[in-house]
Amino acid sequence: MATETTCRPAATSHEGKVIAFPSAAGTANIERCARELGRRHGADAVEFWKAECRRLADQLLAAGMPESLVGQRVMEFQQDVQIELVLSHQKQAVAKSQKR
């Protein structure tokens, strides 16, 4: 899943240490986007998706992330949402087959 990064002061120096960890907000956003894309279709889905990716990029840029990394993070987000969509469809198919 997606990870967020934070900067924590190192115990013995004034340099920061970057620690990657899963973000509940990031995970919730991935799940929310997957749900929305699962229920939207056509141009509505495309517009929603473009807006979400742009919003993420804008947030990362505003937080000071270099543009080269922003593109990478947006691509990772897109991949994570795609994985979530596939898993969601698999869960639905399994649940449907078990009802028979």
Side-chain angles (χ1 to χ4, degrees):
M1 287 271 155
T3 59
E4 298 293 326
T5 57
T6 188
C7 191
R8 302 270 189 237
T12 58
S13 73
H14 297 292
E15 293 181 47
K17 180 179 179 186
V18 176
I19 304 169
F21 60 95
S23 168
T27 301
N29 192 41
I30 290 165
E31 292 169 349
R32 179 187 63 81
C33 286
R35 273 192 314 275
E36 282 298 310
L37 287 170
R39 71 175 194 80
R40 294 175 187 241
H41 303 284
D44 183 40
V46 171
E47 290 305 314
F48 169 78
W49 189 232
K50 285 180 181 179
E52 288 299 313
C53 291
R54 182 75 256 162
R55 184 175 63 83
L56 175 60
D58 290 344
Q59 288 174 342
L60 295 172
L61 287 168
M65 183 175 283
E67 210 169 311
S68 60
L69 292 179
V70 169
Q72 180 181 338
R73 291 295 300 274
V74 171
M75 294 291 284
E76 290 169 1
F77 170 72
Q78 291 172 341
Q79 183 178 14
D80 289 342
V81 172
Q82 181 65 36
I83 290 167
E84 186 64 31
L85 274 167
V86 169
L87 292 174
S88 173
H89 288 289
Q90 286 176 343
K91 288 176 191 175
Q92 290 173 4
V94 167
K96 187 176 179 180
S97 71
Q98 290 176 343
K99 288 182 181 181
R100 292 181 183 184

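These values consider heavy atoms only, across backbone and side chains, with no hydrogens, waters or symmetry-generated copies.
In this structure, CZ on F77 lies 7.0 Å from CZ on R55, to the nearest 0.5 angstrom. Rounded to the nearest 0.5 Å, atoms SG (C33) and CD (Q82) are 12.5 Å apart. Atom CD in E36 sits 8.5 Å away from atom CG in D44 (nearest 0.5 Å). Between atom CD1 of residue I83 and atom CD of residue Q78 there is a gap of 12.0 Å, rounded to the nearest 0.5 Å. To the nearest 0.5 Å, atom CD of residue Q92 and atom NE2 of residue H89 are 6.0 Å apart.
A 4.5 Å side-chain heavy-atom check between V46 and K50 finds at least one atom pair inside the cut-off. Annotation: side chain of R35 is in contact with side chain of E31 (closest heavy-atom distance under 4.5 Å). With a 4.5 Å cut-off on side-chain heavy atoms, R32 and N29 count as touching.
A salt bridge does not link R40 to E47: none of the charged nitrogens lies less than 4.0 Å from a carboxylate oxygen.
Of all heavy-atom pairs spanning E84 and I30, the tightest one is CB-CG2, 4.0 Å. Of all non-hydrogen atoms in R73 and L60, the two that sit nearest each other are CB-CD1, 3.6 Å. The shortest heavy-atom contact between V74 and A57 is CG2-CB, 4.0 Å. Nearest heavy atom pair, residue L37 against residue A45, reads CD2-O, 3.7 Å.
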**Study point:** Candidate pair Q90 and L87, rule side chain to side chain contact (heavy atoms under 4.5 Å, CB included), full reasoning
**Key:** CA-CA 5 Å; Q90 286 176 343; L87 292 174; 3.6 Å; yes
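Clustering ILVMFWY residues whenever any of their side-chain heavy atoms sit less than 4.5 angstrom apart, transitively, puts L69 in the very cluster that holds L61.
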